[in-house]
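Structure record follows, encoded as C-alpha cells.
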Amino acid sequence: MAVESYYTFGPYKIDNKEVFYTTHLSYAMVISFSFGDCRNFVTLDYIYVHVLVCPRREVKRFVDLTADETTDLWITAQKVGGQLESYHKASSLTFTIQDGPQAGQTVPHVHIHIVPRKAGDFEKNDDIYDAIDNSDKELKQKLDLDKERKDRSFEEMAQEAEEYRKLFV
C-alpha cells in the first residue's frame with residue numbers, strides 16, 4: 001500500500017509523520033494537548049498519552065460508517081490500545097467516541113480516543129470524559145492553521161509516532 005503524504009481529519013490535513021499505524025480503512029495518529037489536573041496519568045514527558053483512531057474516509061457520524069469500516073476501526077483500536085497499554089505500563093484503557101456536536105464532537109470526522117490509564121490518574125474515574133471533551137476543543141484550536149501549536153512541535157509528535165510505529169513491525 002502506498003504511503004500517503006497526508007491524511008484528512010475532517011477539514012484538516014494530518015502529516016503522515018504523525019500517523020503511526022494504518023490499515024486499508026483506518027489510521028491511528030498522535031495528538032498534543034494537556035488534561036489539566038490529574039494525579040498519576042500516563043505521560044510522555046509532560047504530555048498525556050492520548051491517540052486517535054479514524055477511518056480513512058471522511059465520515060462525520062458513526063452511523064454512517066460501512067460495516068467494514070466499523071469492524072476495521074474497532075479492530076484497529078483494539079490493536080493500538082493493547083500495544084500502548086503494554087508500552088506505557090498502564091493497567092487499563094479508555095476508548096471513547098463523541099458522536100455529533102451535542103455529544104462534544106468538535107471535529108466532524110469519526111474518531112476513537114484511546115487513553116492508557118493507571119490507578120488514581122483522576123480523582124473520580126469518570127472525570128476522564130470531561131478531560132477528553134476539553135481536549136477535543138483544544139485539539140480543534142490547535143489544528144486551526146492560523147494558530148500555533150502550544151504543547152509540542154511537529155518534530156516531537158513525529159518522534160512519538162516513530163516510536164509507536166516500532167510496536168507494529
Side-chain angles (χ1 to χ4, degrees), residues 1-33 35 41-42 44 47-88 90-118 121 125-126 128-143 152 157-158 160-169:
M1 180 183 310
V3 175
E4 298 168 38
S5 61
Y6 68 88
Y7 294 79
T8 59
F9 181 51
Y12 307 105
K13 290 182 179 180
I14 304 299
D15 190 285
N16 68 351
K17 292 181 180 172
E18 295 173 80
V19 173
F20 62 90
Y21 183 77
T22 63
T23 69
H24 67 292
L25 294 174
S26 303
Y27 67 93
M29 69 175 174
V30 299
I31 62 171
S32 169
F33 68 94
F35 267 141
F41 204 68
V42 176
L44 184 67
I47 300 298
Y48 304 108
V49 175
H50 176 192
V51 302
L52 300 181
V53 174
C54 311
R56 285 182 181 242
R57 183 172 68 96
E58 186 180 330
V59 180
K60 292 180 183 180
R61 298 291 309 278
F62 186 76
V63 71
D64 296 324
L65 292 168
T66 67
D68 286 344
E69 287 171 326
T70 302
T71 300
D72 189 77
L73 191 70
W74 281 108
I75 288 172
T76 300
Q78 179 186 43
K79 185 172 187 172
V80 167
Q83 291 291 356
L84 291 181
E85 181 177 352
S86 176
Y87 181 81
H88 289 291
S91 57
S92 300
L93 295 165
T94 293
F95 295 89
T96 188
I97 295 177
Q98 295 160 303
D99 189 33
Q102 286 69 43
Q105 182 183 27
T106 56
V107 177
H109 189 139
V110 172
H111 54 284
I112 301 172
H113 299 259
I114 304 176
V115 185
R117 304 287 304 274
K118 290 185 177 180
D121 55 7
N125 194 43
D126 283 350
I128 184 71
Y129 301 110
D130 290 334
I132 288 172
D133 185 43
N134 290 334
S135 74
D136 250 13
K137 291 174 186 165
E138 290 176 22
L139 175 63
K140 185 174 192 284
Q141 291 174 345
K142 288 178 173 81
L143 288 172
R152 294 190 291 174
M157 292 192 306
E160 179 186 353
E162 182 61 33
E163 287 299 311
Y164 291 162
R165 268 187 222 103
K166 295 174 188 174
L167 302 174
F168 300 97
V169 177

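Not measured: the values here are computed from a predicted model. Note: hydrogens, waters and symmetry copies are ignored here, and every other heavy atom, side chains too, is used.
The main-chain N or O of Lys60 is found under 3.5 Å from a side-chain atom of Gln105 such that the two form a donor-acceptor pair. Although no hydrogens or angles enter the test, the distance criterion places a donor-acceptor pair under 3.5 Å between the side chain of His109 and the main chain of Pro55. Checked by atom type and distance alone, the side chain of Arg56 never pairs as donor or acceptor with a backbone atom of Tyr7 at under 3.5 Å. A donor-acceptor contact shorter than 3.5 Å links the side chain of Thr76 to the backbone of Asp72.
Here the SG atom belonging to Cys54 is positioned 8.5 Å from the CD1 atom belonging to Ile112, to the nearest 0.5 angstrom. Considering NZ of Lys118 and NE2 of His88, their distance stands at 9.5 Å, rounded to 0.5 Å. For the atom pair CZ of Phe20 and CD of Gln83, the computed distance is 10.0 Å after rounding to the nearest 0.5 Å. To the nearest 0.5 angstrom, Gln78 atom CD is 12.0 Å from Leu73 atom CG. A distance of 10.5 Å separates OG1 in Thr22 from CZ in Phe168, rounded to the nearest 0.5 Å. Here Met29 contributes atom CE and Ile14 contributes atom CD1; the two are 4.5 Å apart, rounded to the nearest 0.5 Å.
Residues that satisfy the side-chain contact (heavy atoms from CB on, under 4.5 Å) test with Glu162, not counting sequence neighbours, are Arg165, Lys166. Scored by the salt bridge (charged side-chain N to carboxylate O under 4.0 Å, His left out) test, Glu69 finds Arg57 as partners (sequence neighbours excluded). Residues satisfying the side-chain hydrogen bond (donor to acceptor under 3.5 Å, both in side chains) criterion with Ser92, sequence neighbours excluded, are absent altogether.
Residues Gly82 and Leu93 come closest through the heavy atom pair N-CD1, 4.0 Å. Residue Lys17 comes nearest to Asp15 through the heavy atom pair N-OD1, 2.7 Å, listed as atom of the first residue, atom of the second, then distance.
Between Tyr164 and Tyr87, the two ring planes are perpendicular [angle over 60°; tilted spans 30° to 60°].
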For this session: Decide side-chain contact (heavy atoms from CB on, under 4.5 Å) for His113 and Thr94; before the verdict, give the C-alpha distance in whole Å, the side-chain angles of both, and the deciding distance to 0.1 Å.
Result: CA-CA 8 Å; His113 299 259; Thr94 293; over 6 Å; no
Problem set entry | Chi angles and distances behind the side-chain contact (heavy atoms from CB on, under 4.5 Å) call for Val80, Leu167 | CA-CA 9 Å; Val80 167; Leu167 302 174; over 6 Å; no
Problem set entry | Verdict with reasoning, Val53 to Phe95, per side-chain contact (heavy atoms from CB on, under 4.5 Å) | CA-CA 10 Å; Val53 174; Phe95 295 89; over 6 Å; no
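The closest side-chain heavy-atom distance from Pro108 to Pro11 is below 4.5 Å.
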